[in-house]
Amino acid sequence: MHANAPTPGSYLDQLNDVQRQAVTTTDGPVLVVAGPGSGKTRVLTFRIAYLIEQGTAPWEILSLTFTNKAAREMKERIENVVGQRASRIWAGTFHSLFARILRVEANHIGYPSNFTIYDTDDSKSLINSIIRELNLDKQVYNTNSIRSRISSAKSNLVTPKLYEKNEELMSQDRMARMPMMHKIYSAYVARSKKAGAMDFDDLLFRLFELFQNHPAVVEKYRNKFKYVLVDEFQDTNTLQYAIIKKLVQYPDSPRNICVVGDDAQSIYAFRGATIQNILDFEQDFKKFNIQTFKLEQNYRSTSNIVEAANAVIGHNRRQIQKKIWSDKGDGQKIQIIRASDDNEEGRRVADTILEQKNRYHLANNEFAILYRTNSQSRIFEEYLRRFNIAYRIFGGQSFYQRKEVKDLIAYLRLVVNPADEEALKRVINYPKRGIGNTSYNKVISLARQQDITAMEALKHVALPKRTRNSADGFIELIETSRKRMESANAYELADYIAKKSTLLDTLRNDNSMEGAAKLENLNALLDGISSFVEEDTVIDTETLPDKSLATYLQNIALLTDADTKDEDKPAEAVTLMSVHAAKGLEFRSVFVVGLEEKLFPSFMSMDTMDGLDEERRLFYVAITRAEEFLTLTYANSRYRFGKVTSNDPSRFLAEVPGDAVENTGANMTSRSARHEFDPVAAQRSRVSGIAPRQRNRSARDMPTRVDPSTFSPSPIEDVQPGATVLHLKFGEGKVLALDGGADNRIATIHFKELSQPQKRIMLRFAKLQVL
DNA sequence: AGAGCGCGCCTTTTT
DNA sequence: GGCGCGCTCT
């Protein structure tokens, strides 16, 4: 890495004029409006690299993104320019970086530093208990709408107190026949705080409160972060912008802030994001000589695709003026496929992939199938499998959402934070230990009555003798584990709990197919915890790597499926994902499928202009993922919600200019027959094999590179730069460098058999044999 | 206390 | 089409 680092500044030659200005204008407020494929990421990474070269310390840079994946990729790219120093940049998601600050500052706001993060299910479950306890009709008080109402209140800086005073909100609730909504909100806030838990919105909102109420704390971070960068600014909500403003000390004297975004790609309004932030940003920082740069040249797609995208987005009502253009030539026309039903749509897409592979020599990983809803993936999977085309699905239920995984995690959560009531509720009687609903209700009512945590109440509540015994056994398990936490690492503890709770045995005794799969998932989770301990997987390592259970939980709580590491993915596979998940990505050939009214645009957003505009932006994002080949498909009828439905072709199809579209009249019918049995294509796709269905393969599934019986780990001191070493999972590698203190020595090792060969490994935990 | 069954619910996108 | 929930029975 260091050896072939370019000479200082030389990378600037790789930029066009506007890009270069956006990189080198480091001081004061900067707005970069960046169209799709315009080199946005390149500008961001070079800008950070440039800052570091100009003498800014990496830890003085705060770079906020929306996904861990984006953050990780950015760090890697910066590392290519400035080397290892890049690892000390504060780059990550809003949620993860803020959680990290909150962990340090928790005491100021009455939270324990190892607070729990409630996921959406936990929130819903808590809301349900509140509804029940307030004796409200759950038909009227719908959990989902209450959750989203609470979420949007928080995102708009509305506390329960303000909520109650807000006539508009209160009257909306009365109209919806939910006059007690504000009670639920305030109970929800009180209860999650009591449980030492924060939901996703709290990670932002509590930080805002912290900054608001503790000037010394905010001052500390203002001084720390000399440069603040925000990616995908169009996806920030009011609360996020408010925090950013606090951080850059607006309105007195702003720090150096650079935001990058594209109003046309704003697709998260449904969770509170507002394009208004971009417009406001220009206004808010006008008096500080904000500089605006527009990146308008698209380096990704052919003119046909860019022009189609421009025409489509032109149907939206308001947007920041810009003209996206490409000099890559017209390229292929856009193909539109009409299928009679969803099955045919699946077949035709698989078929066209084969055809393009043959004719244009595209590899599997140069294709993407993008859909509006995750549930559409099934048919495409089916046909890709049938055609022997390797594929890979992103999104849908993430590994960490599975029941068996959540069960073990709930135990771990409870050990780290015994106040965590949702975790307790989940595992108090799983595996069955005779503490059923009746007993649990007693526990809860005592907890409410005495204002203590449920765990405390469990210790004291009056129970029948047998139940008492069970309860004591359960408490004992949690407390013993808690004591072990001081000496044991996350893996040892998780392993202990999985066994002692009889979670593992329960699944072993379940002989059904599902039982076996669950057991495998649980083992995969344990594997994951073990690699967390062994490797330096902590994304942010300003402090020493922390291998505690609390840190592990914090990390995975904010992980989504798109973030799971893909070191063992099939090398060449067609990508299947939702359009949302595809943002920021590009593929030579893209299929946007299910282009029907009520599906895309979704029936949920069709009745408002704002909703429709957002769907159109989503469509814009979808088509701008394509570099050369773009295929749009729709079906006359499809199976949905258990019955056959038929819808008109999406209005968006009509917005694609006719001269960009291939004249398809004749080939609507069965072109499939011609290619279905093409032996060459079949042969080629067979090579890449059948894709594994699950995304998160456990380390157990990885090819065994080393025979465990002959493996004997060497003492830490023997691991020196230049040495060739053997790792049980990663195989043979060469030690490139060592760093870290005596107790926390970290080796950077190049494992030649891995797709991402370079790994940083903590010697304290890793087992390495020097050869 | 727990297992089994059937009803009725909801079906967008995600940190 | 899938799931959770609550009801009933044991």
Side-chain angles (χ1 to χ4, degrees), chain A residues 64-71 92-99 117-121 123-125 128 131-132 138-139 142-145 147-148 151 154-155 198-205 232 235-237 239-240 265-273 342 370-378 394-398 400-401 403 428-442 463-464 466-467 470 556-563 577-583 594 598-606 611 614-615 617-619 621-622 638-645:
Chain A
L64 297 163
T65 54
F66 275 83
T67 64
N68 292 307
K69 194 165 151 240
T93 64
F94 283 88
H95 292 83
S96 71
L97 293 182
F98 290 178
I117 297 174
Y118 272 177
D119 68 12
T120 312
D121 287 340
S123 301
K124 282 192 203 163
S125 161
N128 281 334
I131 292 173
R132 215 172 306 127
K138 53 177 294 186
Q139 302 299 319
N142 173 282
T143 318
N144 281 318
S145 53
R147 202 194 65 81
S148 79
S151 171
K154 287 179 181 172
S155 306
M198 297 201 203
D199 65 17
F200 290 138
D201 301 308
D202 285 331
L203 294 175
L204 311 179
F205 194 58
E232 309 282 13
D235 290 333
T236 53
N237 61 31
L239 174 55
Q240 285 161 325
Q265 294 185 68
S266 159
I267 54 176
Y268 285 103
F270 72 92
R271 66 173 199 219
D342 43 357
L370 307 181
Y371 32 75
R372 179 66 180 81
T373 68
N374 283 307
S375 58
Q376 287 165 259
S377 68
R378 231 191 54 213
F394 294 78
Q397 200 189 29
S398 111
Y400 297 102
Q401 308 265 357
K403 183 190 174 301
I428 189 169
N429 200 31
Y430 184 83
K432 301 251 177 278
R433 53 171 70 82
I435 310 176
N437 267 328
T438 322
S439 308
Y440 184 69
N441 287 337
K442 285 182 196 163
L463 292 170
R466 255 175 71 179
T467 318
S470 290
I556 61 162
L558 298 169
L559 230 48
T560 60
D561 197 45
D563 297 320
M577 56 170 54
S578 71
V579 180
H580 281 90
K583 189 156 73 154
K598 298 187 183 169
L599 181 56
F600 200 172
S602 158
F603 68 102
M604 298 292 286
S605 355
M606 277 177 67
E614 173 144 316
E615 294 287 319
R617 291 192 296 267
L618 197 53
F619 183 56
V621 167
R638 73 172 59 239
Y639 226 68
R640 222 182 157 200
F641 307 148
K643 51 176 185 277
V644 177
T645 55

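Each chain gets a letter, A, B and so on, in the order its sequence line appears, and its residues count up from 1.
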[X] near the nucleic acid: base, sugar-phosphate alone, or nothing, with a heavy-atom cut-off under 4.0 Å?
{"X": "A:Asn429", "value": "sugar-phosphate"}
{"X": "A:Ser439", "value": "sugar-phosphate"}
{"X": "A:Phe94", "value": "nothing"}

Integer-rounded Å distance: [N] [atom2] and [X] [atom1]:
{"X": "A:Lys583", "N": "B:dT14", "atom1": "NZ", "atom2": "C1'", "answer": "11 Å"}
{"X": "A:Asn128", "N": "B:dC10", "atom1": "CG", "atom2": "C1'", "answer": "14 Å"}
{"X": "A:Arg132", "N": "C:dG4", "atom1": "CZ", "atom2": "C1'", "answer": "12 Å"}
{"X": "A:Met606", "N": "B:dT13", "atom1": "CE", "atom2": "C1'", "answer": "16 Å"}
{"X": "A:Leu64", "N": "B:dT15", "atom1": "CG", "atom2": "C1'", "answer": "13 Å"}
{"X": "A:Asp121", "N": "C:dC3", "atom1": "CG", "atom2": "C1'", "answer": "12 Å"}
{"X": "A:Ile131", "N": "C:dC5", "atom1": "CD1", "atom2": "C1'", "answer": "14 Å"}
{"X": "A:Asn237", "N": "B:dT13", "atom1": "CG", "atom2": "P", "answer": "20 Å"}

Among [options], the one nearest [X] by side-chain distance:
{"X": "A:Glu615", "options": "B:dT15, B:dT12, C:dG1", "result": "B:dT12"}
{"X": "A:Ala581", "options": "B:dT14, B:dT11, B:dT12", "result": "B:dT14"}
{"X": "A:Arg271", "options": "B:dT12, B:dT15, B:dT11", "result": "B:dT15"}
{"X": "A:Thr93", "options": "B:dC10, B:dT14, B:dT15", "result": "B:dT15"}
{"X": "A:Thr438", "options": "B:dT12, B:dA1, B:dT15", "result": "B:dA1"}
{"X": "A:Lys432", "options": "B:dT12, B:dT13, B:dG2", "result": "B:dG2"}
{"X": "A:Ser578", "options": "B:dT12, B:dA1, B:dT14", "result": "B:dT14"}
{"X": "A:Met604", "options": "B:dC10, B:dT12, B:dT15", "result": "B:dT12"}
{"X": "A:Ser602", "options": "B:dT12, B:dT14, B:dT15", "result": "B:dT12"}

Measuring only between side-chain heavy atoms, which start at C-beta, is [X] closer than 4.5 Å to [Y]?
{"X": "A:Arg378", "Y": "A:Tyr639", "answer": "no"}
{"X": "A:Met606", "Y": "A:Glu615", "answer": "no"}
{"X": "A:Lys154", "Y": "A:Phe200", "answer": "no"}

Determine yes or no for a side-chain-to-main-chain donor-acceptor pair under 3.5 angstrom, with A:Asn429 supplying the side chain and A:Ile435 the backbone.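 Looks like yes, one N/O pair under 3.5 Å.
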A:Asp342 (side chain) donor-acceptor with A:Gln376 (main chain) under 3.5 angstrom: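 Not at all, since once roles are kept as given, no pair shorter than 3.5 Å links the two residues.
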Residue closer to the 5' end of DNA chain B, A:Phe603 versus A:Pro464 (nearest nucleotide):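 With A:Pro464 and A:Phe603 compared, the 5'-side residue is A:Pro464.
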Looking only at side-chain N and O atoms, does A:Asn374 come under 4.0 Å of OP1 or OP2 in B:dT13?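 So the side chain of A:Asn374 is within the cut-off, an N or O lying under 4.0 Å from OP1 or OP2 of B:dT13.
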Less than 4.0 angstrom between a side-chain N/O of A:Asn142 and OP1 or OP2 of B:dC9, yes or no?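 For A:Asn142, the contact criterion (side-chain N or O under 4.0 Å from OP1 or OP2 of B:dC9) is not met.
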Heavy-atom pair with the smallest gap, counting every atom of A:Gly594 and A:Arg638: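 Scanning both residues completely, I find the closest heavy atoms to be CA-NH2, 3.4 Å.
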Under the 5.5 Å and 30° test, is A:Phe270 stacked on the base of B:dT12?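 A:Phe270 ring does not meet the centre or angle cut-off for B:dT12; no stack.
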